[in-house]
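Letters A, B, ... are given to chains in the order of the sequence lines, protein chains preceding strands, and every chain is numbered from 1. Hydrogens, waters and symmetry mates are skipped; everything else that's a heavy atom, side chains included, is used.
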Protein chains: 2
Amino acid sequence: MSNKRVTIYDLAREMGISVSYISKALNGHPAVSERVKNAVRKLAEERNYKHNSQAVNLRRGSARTIGVIVPQIDKSFFSEAIAGIEEVCSENGFSLIICQSHDSYEKECEAVSTLIHQNVDCVIISISAGTHSPDHLRNLQANGIEVIQFDRYIDELDSFKVISNDEEVSGDVVKDFIRKGYNRIAFIGGPEHLTIFRLRKKGYLKTLKEAGLPILKRFVFDDSLSKEQASAIAANLLTLENPPDAFFTVSDEQALGVLQAARALGVRVPEDLGIVGFANESFTGIVSPTLSSVDQKSKEMGKRAANLYFESMTVKQRGGPVSVKKDIIKAKIISRESSRRDADKPGSL
Amino acid sequence: MSNKRVTIYDLAREMGISVSYISKALNGHPAVSERVKNAVRKLAEERNYKHNSQAVNLRRGSARTIGVIVPQIDKSFFSEAIAGIEEVCSENGFSLIICQSHDSYEKECEAVSTLIHQNVDCVIISISAGTHSPDHLRNLQANGIEVIQFDRYIDELDSFKVISNDEEVSGDVVKDFIRKGYNRIAFIGGPEHLTIFRLRKKGYLKTLKEAGLPILKRFVFDDSLSKEQASAIAANLLTLENPPDAFFTVSDEQALGVLQAARALGVRVPEDLGIVGFANESFTGIVSPTLSSVDQKSKEMGKRAANLYFESMTVKQRGGPVSVKKDIIKAKIISRESSRRDADKPGSL
DNA sequence: ACCAATTTTTCAATCGATTGAAAAATTTTT
DNA sequence: AAAAATTTTTCAATCGATTGAAAAATTGGT
């Protein structure tokens, strides 16, 4: 046990040739004959040689690695996005380091620090709910690390951004509610310092206004991302004299909270109350009634984010100018039982 | 943009002192006066110096990192276990590299390769359903990397193991069913080359036998881990002339599959059919009816696994003998609606 | 067989940080 | 003030791999 690792020095000693020659042979350098290449590769295989990434990366000056920071990896939105990132990275021979911020600014900063230490080439991040300033991300850029934001982003930071058409699709959700006959639509949002939550609220408010519906302040809530908060808000509103007949929430956890409050109060969903959430988490399809949600095409967002890095690298290498751009991926409403009122039934259009 | 990183050479040049002295100052070496230490630290802070982990690790010969390989990070069992590992690692100043095998042997081998390259000190793994041989894990050991298995393990590999009392708790599930009046209990298992699935089946069979109940071969299925397979099996059995009145499954996905099949056929749960799954995934508490499940204390398993590494390190450093041991964490049945028949109601004991 | 051209192989520097030994500077002792 | 003891600082090797330049060996032409 605890054997030392085989290095190219070991191989060189055993074969009686120089270290640099071994290195060139293993890397397919043209100055090495096929005969030697094969012999070296064979021995490397036999001795179970594995290169030391630390050494390679140090020498190269790059770890060929992308760091990913997300609030939680066990939300399907994020794990799917990571899957997309992983796919593109492995196509390009890059590895991934995944960090969780658990929605805390401090943990996010720690992750940033780790990734700088690890000498990553790029950081793809969906910022935590606790993050108010992009200084730590500027720190990454100051260290020559490309920053790419997705979903939850800070607009003022000059970086690539891969986002949904939040305002537009939020408007669509409201329109859909109205079309189905819901017209007392409540909104449960997130912290307003995050652009996506501002935009979703904006889309909601704007569409209500355009539809000529009154905006009831007591039906609009910010900064209530947890299931429990949403549940409490719903329980409160549903016992009013004139309760809402629909809830639009900016996450699926909130939508679930609303559903549970409705269940507890005997309010029927979707007959008496429509619910639409955001992110199309996997549980939305298995609760009863199933929850309508906005699908943000998480995997595609991840792929797009990673591709932005590799594309910009290519352009930079050619000396071309890299214009900072915002990539918008169109989200799509997945209509399930929780918003399926009569008006939506086939033939009723 | 694309600035080069600050190194101790830059700091040394700026302060007009040697590189090694800078290094010693930053690391609190006793041979450096407080005056110099403070000055160096101040400048390092100002210039935003971050050490290069590649260089540090190369020199040290260890990355102070633990690699984790699990089938999927978006199952709460695994993400909770990872949270536990993370907690213990950060207490000990270690980092984490997380890899997913997606239940494929090839991907698991790739992950092993990556982790060897990254020079990790230890690998904590729950092996994939597609893994039949522990050769790749022996490869880790041959490279001086400690291997710790948890949950899904290969018994024949000489390594630490952190596992549940699978056979015992499976027996308890069956006993619980019987106590509640279920007596035609079907079983949907996993691939038998994984010890945990063998043990769960063994506990099921043994307990049926001890209870004097017949073992019906057509009620026992192996290697059917997916929700779809479980659903198909349930649909099949429930339309028999003498269908089962309970299902014990080795995962929660399977339990959900059974529930959906029962719903589709109009079979009432738990009145006509009891269901108990395994892992206490988060969705078991939000489906309707809620699903009973075996809680494996995933976070504790993760913490235990990581602690085993640090404990064995301490012992090894002292030159003490490290006996390979199996740590058993007692699982607990979480009784929810899907197995809540009359007999279980309060006062009916 | 000799010189040039080509192929094969080695040398030495490099990446960034650490560390024990050696050297230089300072303080204490006599 | 010289010698000894102590503190401060630098030197040089090291970790493992890569790479351009230089050297050595081989091949070809005449």
Pairing partner (Watson-Crick or G-U wobble, both distances under 3.5 angstrom) of C:dT30: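 Base-paired to D:dA1.
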
Among [options], the nucleotide that comes nearest once only the side chain of [X] is considered:
X: B:Ile8; options: C:dA17, D:dG16, C:dT19; value: C:dA17
X: A:Ser20; options: D:dG16, C:dC11, C:dA17; value: C:dC11
X: B:Tyr9; options: D:dA17, D:dT10, C:dA17; value: C:dA17
X: B:Val56; options: D:dT10, D:dA17, C:dA17; value: C:dA17

Separation of atom [atom1] in [X] from atom [atom2] in [N], rounded to whole Å:
X: B:Arg13; N: C:dG16; atom1: CZ; atom2: C1'; answer: 13 Å
X: A:Arg5; N: D:dC15; atom1: CZ; atom2: P; answer: 14 Å
X: B:Leu11; N: D:dT10; atom1: CG; atom2: P; answer: 14 Å
X: B:Asp10; N: C:dG16; atom1: CG; atom2: C1'; answer: 10 Å
X: A:Ile22; N: D:dT19; atom1: CD1; atom2: C1'; answer: 16 Å
X: B:Tyr21; N: D:dT7; atom1: OH; atom2: P; answer: 12 Å
X: A:Asn119; N: C:dC15; atom1: CG; atom2: C1'; answer: 10 Å
X: B:Gln54; N: C:dG16; atom1: CD; atom2: P; answer: 11 Å

Carboxylate-amine/guanidinium proximity below 4.0 Å for A:Lys42 and A:Glu46: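 Yes, this pair counts.
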
Salt-bridge contact B:Lys37-B:Glu34 (side-chain N to carboxylate O under 4.0 Å):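 So B:Lys37 pairs with B:Glu34 through a salt bridge.
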
Between [X] and [Y], is any side-chain donor less than 3.5 angstrom from a side-chain acceptor?
X: A:Ser62; Y: A:Asp121; result: yes
X: A:Asn38; Y: A:Arg41; result: no
X: B:Asn307; Y: B:Arg304; result: no
X: A:Lys107; Y: A:Ser128; result: no
X: A:Gln72; Y: A:His102; result: no
X: B:Arg5; Y: A:Asn119; result: yes

Near-strand residues of residues 27-40 of chain B, defined as heavy-atom separation under 4.0 angstrom from DNA chain D: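 Within this stretch, B:Ala31, B:Ser33, B:Val36 sit under 4.0 Å of the strand.
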
Polar-atom pairs under 3.5 Å, protein N or O versus N or O of nucleotides 22-26 of chain C: list them with distances, or write none.
none

5' priority, DNA chain D, between A:Leu58 and B:Lys24 [closest heavy atom]: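 Per heavy-atom nearest nucleotide, the more 5' residue is B:Lys24.
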
Sugar-phosphate, base or nothing in reach of B:Ile17, heavy atoms under 4.0 Å: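 Since only primed, P, OP1 and OP2 atoms lie under 4.0 Å of B:Ile17, the category is sugar-phosphate.
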
Pairwise side-chain contact, A:Leu43 with A:Met15, heavy-atom cut-off 4.5 Å (strictly under):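 Yes - at least one pair of side-chain heavy atoms lies under 4.5 Å apart.
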
Pairwise side-chain contact, A:Ile127 with A:Ile154, heavy-atom cut-off 4.5 Å (strictly under):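 Yes, at least one pair of side-chain atoms sits under 4.5 Å.
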
B:Ser18 side chain near D:dT10 phosphate (N/O to OP1/OP2, under 4.0 Å):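 Yes.
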
